[in-house]
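Input: a single structure, listed below in structure tokens.
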Amino acid sequence: MSNLHEECGVFAIISPEKSHVAASTYYGLFALQHRGQESCGIVVNDDGVFTSYRDNGIVNDVFTNPVMESLGYGNMALGHVRYGTSDTKGRVNAQPIVVNHVKGHTALAYNGAITNYLELRKELELGGAIFHTNSDIEVISYVVTKERLTCGSVEESLERAMEKIEGAYSIVMMSPTKLIAARDKFGFRPLCYGITSDGSYVIASESCALDSVGAKLIREIEPGEIVVFSKEGIREIKTHCNKCDKKLCIFEYIYFARPDSVIEGKSVHKARRNAGKWLARQNPIEADVVIGVPDSGLDAALGYAQESGIPYGIGFIKNKYIGRTFIVPGQNVREDKVKIKLNAVADTVKGKRVVLVDDSIVRGTTSAIIVKLLREAGATEVHLRSSAPMFLNPCYYGTDIASRDVLIACNHSIKEMEEIIGVDSLDFLKLENLGKLIGVENGCGYCDACFTNNYPTAIPTSSEKNKYSKKISEKEVE
Ligand code: SF4
């Protein structure tokens with residue numbers, strides 16, 4: 001129920017034989033749907049001939065039977081699911097993108113956000129480049145393609161481009177003969193690969209997508225690493241590795257990733273249970289039942305209950321079939337949206353002192369509605385616990401935490417937040433417990449900038465340079 005969104009998920013496959021790689025990519029994207037529901041796309045490579053389809057909508061709706069048939073068979077495929085921020089919505093920004101140039105053609109997709117977007121774009125435009133979108137991937141593809149024109153291979157062009165592109169990016173690229181995966185030198189966004197029983201290599205944002213096609217996880221792509229998959233085998237390029245400390249987004253564990261995924265050897269489900277455990281330890285409270293906000297609060301609620309000894313209960317039922325539901329426009333749109341999505345289970349909460357665990361509290365507006373639902377169902381006390389620390393800073397690495405103005409914790413004390421949200425008590429995971437989610441030293445190997453203001457990279461400073469101020473200057477022509 002968090003108001004936060006991840007901006008993308010990527011999936012790719014290379015098969016030893018011509019096969020239905022589009023179908024595998026479909027299943028992979030389906031497993032990654034939680035990372036983006038705005039648009040999706042697949043490019044199939046059949047011996048160098050690319051066939052692609054992209055559109056707004058979720059995987060199920062976009063890839064109908066006729067579309068899947070039109071994609072045909074091939075030996076490689078690349079897919080993407082996307083959540084668009086308000087300034088980059090629209091089919092025109094859907095990925096993967098396909099670029100034709102004098103040395104051939106390339107398909108690209110990525111997850112993240114580049115921090116020097118405007119500088120790169122300005123430089124490219126002054127050099128004659130013309131942009132059709134305002135998405136990062138077009139800038140990335142321009143930089144890579146420009147390098148490709150003066151170097152011997154597609155992987156070398158990416159290696160050179162990585163010297164220029166700053167910020168967070170987990171990229172998958174496809175040439176007629178190669179599939180390439182790469183991660184920025186900090187490793188902000190996850191990217192892993194595995195192998196299926198028929199010898200196909202599969203690359204994905206999360207291991208749950210490998211599971212969906214029966215692939216066995218081999219390992220993560222290392223921060224700064226480029227891995228090239230082709231008929232000749234696998235080649236690893238580590239020029240950009242070990243240039244700085246790893247900074248995997250800690251919020252992947254708290255909220256973004258699916259709980260059945262394993263990231264860098266750590267179970268997401270376990271990390272969330274640990275969050276609940278530490279929430280229970282840091283501020284013990286007397287209560288009758290612990291419930292979680294579906295879906296990403298459930299694991300932490302379980303951890304809280306196990307640690308505190310307070311019984312775990314099912315406090316809400318989530319309607320899983322909601323999709324893009326029509327809501328009558330009016331004053332209570334947000335409340336109506338929450339109500340049709342969630343229903344409190346009165347049998348669990350009536351007459352009880354409830355500990356309510358959620359993954360995070362951003363604006364506080366959704367939390368207030370959820371608490372109201374619990375009170376209406378008869379809860380006598382509601383104690384809200386957030387398995388993320390307080391959000392105090394914007395994210396520049398692919399999450400839409402855009403402005404301090406909207407963050408409730410930036411503008412109010414705990415007491416004020418308790419009143420605004422309508423709870424008897426409120427607590428956030430303490431910063432010193434953050435590393436304990438994944439069993440590492442505090443601040444070691446992960447990014448926590450939205451909580452601490454410790455950005456691992458230079459960030460856009462002036463409002464003019466801030467990528468979040470990019471303007472759509474004309475209406476998209478469908
Ligand atoms: Fe993740 Fe926050 Fe870092 Fe963004 S700023 S990458 S949301 S930890």
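Atoms within each ligand, like the ligands themselves, are counted from 1 in listed order. In this text the structure is predicted, and so the values were computed from the model without any measurement. Just so it is clear, the values below take in all heavy atoms, side chains as well, and ignore hydrogens, waters and symmetry mates.
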Give a yes/no on ligand 1: does R189 have at least one heavy atom closer than 4.0 angstrom to it? yes
Can you tell me which residue and heavy atom of the protein come closest to [atom], and the distance to 0.1 Å?
atom                    : result
atom 8 (S) of ligand 1  : C447 O, 3.0 Å
atom 7 (S) of ligand 1  : T399 OG1, 3.5 Å
atom 4 (Fe) of ligand 1 : C395 SG, 2.3 Å

If every non-hydrogen atom of R189 is compared with every non-hydrogen atom of L248, which pair is closest and at what distance? C-CD1, 4.3 Å
Minimum heavy-atom distance between Y110 and I171, given as atom pair plus value: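 The pair with the smallest heavy-atom distance is CB-CG1, 3.8 Å.
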For C249, atoms of ligand 1 separated by under 4.0 Å from a heavy atom: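 The atoms of ligand 1 under 4.0 Å from a heavy atom of C249 are 1 (Fe), 6 (S), 7 (S), 8 (S).
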Contacting atoms of ligand 1, where contact means under 4.0 angstrom from a heavy atom of Y397: 6 (S)
Are any of the side-chain heavy atoms of R404 and N393 separated by less than 4.5 Å?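 Contact flag for R404/N393 side chains = yes.
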Do F131 and Y142 make the cut of ring centroids closer than 6.0 angstrom?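 F131 vs Y142: aromatic centres under 6.0 Å.
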Residue pair N433 / K436, side-chain donor-acceptor N/O under 3.5 Å: yes
Between R385 and Y304, is NZ or CZ placed under 6.0 angstrom from the six-membered ring centre and within 45° of the ring axis? no
State whether C450 contributes an N/O/S atom found under 2.8 Å from atom 2 (Fe) of ligand 1.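 An N, O or S atom of C450 is closer than 2.8 Å to atom 2 (Fe) of ligand 1, so yes.
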